[in-house]
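These notes are about the structure you will find just below.
FYI, side chains are in, hydrogens and waters are out, and symmetry mates aren't considered; it's all heavy atoms of this structure.
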Amino acid sequence: MRETGEYKGVSFSIPHNDDGVWHYRVHPKRDKLLAMRGHPQPAPPQGFASRDAAVRAARKAIDSWLARPSG
């Protein structure tokens, strides 16, 4: 099961874990404007020590992705 959220109109999820390591996944909408921005930065392989840290990192990745020029 995943916990989902939305930030600035972009969905993200935080998968539940059983090893104490948290990751995020950004789910961009498929409309043309967002698709032209490429893909948001994925969570690092080492993950994060807390769910809150993963949420903060997901929001930062969304901010960075939305700041990219389209096209």
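Residues satisfying the side-chain contact (heavy atoms from CB on, under 4.5 Å) criterion with Asp19, sequence neighbours excluded, are Asn17, Val21. Residues that satisfy the side-chain hydrogen bond (donor to acceptor under 3.5 Å, both in side chains) test with Arg51, not counting sequence neighbours, are Glu3.
The two residues Val10 and Pro28 have their closest heavy-atom pair at CG1-CA, 4.3 Å. The two residues Val26 and Ala58 have their closest heavy-atom pair at CG2-O, 4.5 Å. The nearest pair of heavy atoms linking Ala57 to Phe48 is CB-CZ, 3.3 Å. Arg68 and Gln41 make their closest contact through NH2-N, 4.2 Å (heavy atoms, listed as atom of the first residue, atom of the second, distance).
Note that CD of Glu6 is 8.5 Å distant from CD1 of Ile62, once rounded to the nearest 0.5 Å.
Two residues are said to be in side-chain contact when any heavy atoms from C-beta on lie closer than 4.5 Å; Phe12 and Val55 meet this criterion. By the 4.5 Å heavy-atom criterion applied to side chains, Pro42 and Tyr24 are not counted as neighbours.
Pairs passing the side-chain hydrogen bond (donor to acceptor under 3.5 Å, both in side chains) check and including a residue from residues 55-64, sequence neighbours excluded, read Tyr7-Asp63, Lys8-Asp63.
No side-chain donor-acceptor contact under 3.5 Å links His23 to the backbone of Pro15.
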Determine, step by step, whether Trp22 and Asp52 satisfy the side chain to side chain contact (heavy atoms under 4.5 Å, CB included) criterion, reporting the C-alpha distance in whole Å, the side-chain angles of both residues, the deciding distance to 0.1 Å, and the verdict. CA-CA 9 Å; Trp22 296 87; Asp52 289 340; over 6 Å; no
